[in-house]
K.L.:
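Please find one structure pasted underneath; my questions will follow.
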Amino acid sequence: QVQVVESGGGLVQPGGSLKLSCAASGISISIYDKGWYRQAPGKQRELVAQITAGGRTNYADSVKGRFTISRDNAKNTVYLQMNSLKPEDTAIYYCNLHSVIYAKDYWGQGTQVTVSS
């Protein structure tokens with residue numbers, strides 16, 4: 001059984017930092033493209049950052065220079081380091097594992113990030 005579990009969310013003041021983790025079990029993340037998405041109230045879910053199976057990264061313009069996605073294949077975990085957080089970063093953050101080759105798509109349950117003073 002495949003499980004994808006996010007952690008690390010919470011309440012942080014503007015300008016602060018958080019590091020999200022996404023731990024997978026039942027699959028090997030190394031063969032998947034890995035992404036962090038977020039969804040704010042009343043808005044559509046959007047891609048924040050992605051790291052392909054080959055290690056190529058891309059970021060939403062709104063987070064470039066502030067967020068960093070990384071992965072540890074040995075720990076089967078994906079990370080999102082978020083610095084210089086802004087109130088507009090407030091959202092539920094979701095981890096996604098996607099494979100075109102295997103036609104598989106897995107989502108975590110989400111973790112809440114709230115940026116507020």
Side-chain angles (χ1 to χ4, degrees):
Q1 183 178 1
V2 177
Q3 285 192 315
V4 179
V5 180
E6 302 98 335
S7 61
L11 173 64
V12 63
Q13 292 187 340
S17 298
L18 281 176
K19 186 174 184 177
L20 306 183
S21 298
C22 169
S25 59
I27 56 171
S28 173
I29 68 167
S30 63
I31 62 172
Y32 287 79
D33 293 338
K34 297 155 277 287
W36 284 97
Y37 289 73
R38 68 186 180 187
Q39 188 166 18
K43 295 188 177 181
Q44 288 189 330
R45 189 173 297 189
E46 63 174 353
L47 176 65
V48 175
Q50 183 184 51
I51 183 166
T52 67
R56 188 175 67 252
T57 59
N58 68 83
Y59 297 90
D61 288 343
S62 59
V63 307
K64 281 181 181 176
R66 300 189 297 122
F67 291 11
T68 303
I69 189 170
S70 62
R71 87 292 198 199
D72 185 332
N73 289 335
K75 293 184 178 180
N76 231 26
T77 301
V78 188
Y79 303 99
L80 185 67
Q81 177 67 48
M82 305 185 294
N83 299 327
S84 302
L85 283 160
K86 304 175 181 180
E88 51 264 42
D89 295 318
T90 295
I92 299 174
Y93 284 69
Y94 298 90
C95 178
N96 172 258
L97 305 176
H98 177 70
S99 172
V100 173
I101 295 175
Y102 295 100
K104 295 290 187 182
D105 203 40
Y106 299 106
W107 291 91
Q109 82 290 346
T111 185
Q112 176 71 48
V113 172
T114 303
V115 185
S116 175
S117 55

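Note that the coordinates shown come from a computational prediction; the quantities given were computed from them, not determined experimentally.
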K.L.:
Could you tell me which non-hydrogen atom of L80 sits nearest to which non-hydrogen atom of A49, and how far apart they are?
P.N.:
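Heavy atoms only, the tightest pair is CD1-CB, 4.0 Å.
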
K.L.:
If you group Ile, Leu, Val, Met, Phe, Trp and Tyr whenever their side-chain heavy atoms sit less than 4.5 Å apart, what else falls in with I92?
P.N.:
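The other cluster members (ILVMFWY side chains, heavy atoms under 4.5 Å, direct or chained) are Y37, L47, Y94, W107.
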
K.L.:
So, for P14 and S117, which heavy atoms are closest and what is the spacing to 0.1 Å?
P.N.:
CD-N, 3.7 Å

K.L.:
Looking at C22 and V4, what are the two nearest heavy atoms and their distance?
P.N.:
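In terms of heavy atoms, the two residues are closest at SG-CG1, 3.4 Å.
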
K.L.:
Could you tell me the separation between the CD1 atom of I27 and the CG atom of L97, rounded to the nearest 0.5 Å?
P.N.:
4.5 Å

K.L.:
For K64, which residues count as a salt bridge (Lys or Arg N to Asp or Glu O under 4.0 Å) partner, sequence neighbours excluded?
P.N.:
D61

K.L.:
Hydrophobic clustering (ILVMFWY, side-chain heavy atoms < 4.5 Å, transitive) - are V100 and V2 grouped together?
P.N.:
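Hydrophobic grouping puts V2 apart from V100.
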
K.L.:
Applying side-chain hydrogen bond (donor to acceptor under 3.5 Å, both in side chains), run through S116 and T114 and close with a yes or a no.
P.N.:
CA-CA 6 Å; S116 175; T114 303; over 6 Å; no

K.L.:
Among residues two or more places apart or on two chains, list those pairs meeting side-chain hydrogen bond (donor to acceptor under 3.5 Å, both in side chains) that have a residue in residues 46-57.
P.N.:
R38-E46, Q50-N58

K.L.:
Would you confirm whether K34, through its side chain, and I29, through its main-chain N or O, come within 3.5 Å as a donor-acceptor pair?
P.N.:
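A pair under 3.5 Å: yes.
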
K.L.:
What's the spacing between Y32 OH and D105 CG if we round to 0.5 Å?
P.N.:
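Going from the OH atom of Y32 to the CG atom of D105 covers 9.5 Å.
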
K.L.:
G9 and T111: which non-hydrogen atoms are nearest, and at how many Å?
P.N.:
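Heavy atoms only, the tightest pair is N-OG1, 3.2 Å.
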
K.L.:
Would you mind listing every ring pair (Phe, Tyr, Trp, His ring centres under 6.0 Å) that reaches into residues 51-93, with sequence neighbours excluded?
P.N.:
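Every candidate ring pair (Phe, Tyr, Trp, His ring centres under 6.0 Å) pair involving residues 51-93 fails, so no pair, neighbours aside, qualifies.
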
K.L.:
What are the two closest heavy atoms between M82 and L20, and how far apart are they?
P.N.:
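Closest approach of M82 to L20: CE-CG, 3.8 Å.
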
K.L.:
Do L11 and V115 sit in one hydrophobic cluster, given that two such residues count as connected whenever their side-chain heavy atoms are within less than 4.5 Å of each other, even indirectly?
P.N.:
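No, because L11 and V115 fall into different hydrophobic clusters, even though each may have its own neighbours under 4.5 Å.
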
K.L.:
Taking all atoms of both residues into account, what is the closest heavy-atom pair of D89 and R66, and its distance?
P.N.:
OD2-NH1, 2.8 Å

K.L.:
Considering residues at least two apart in sequence or located in another chain, which fulfil the side-chain contact (heavy atoms from CB on, under 4.5 Å) criterion with Q109?
P.N.:
V5, E6

K.L.:
Quick one: does N76's side chain have a donor or acceptor within less than 3.5 Å of a partner on A24's backbone?
P.N.:
yes

K.L.:
Measure from the side-chain N and O atoms of D72 to the backbone N and O of T77, and report whether any donor-acceptor pair falls under 3.5 Å.
P.N.:
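Between the backbone of T77 and the side chain of D72 there is no qualifying donor-acceptor contact (under 3.5 Å).
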
K.L.:
Taking everything shown except Q44 itself, do over 12 heavy atoms lie less than 6.0 Å from its CD?
P.N.:
no

K.L.:
How would you list, by chain and number, every residue that makes a salt bridge (Lys or Arg N to Asp or Glu O under 4.0 Å) with R45, sequence neighbours excluded?
P.N.:
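For R45, no residue satisfies salt bridge (Lys or Arg N to Asp or Glu O under 4.0 Å) once neighbours in sequence are set aside.
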
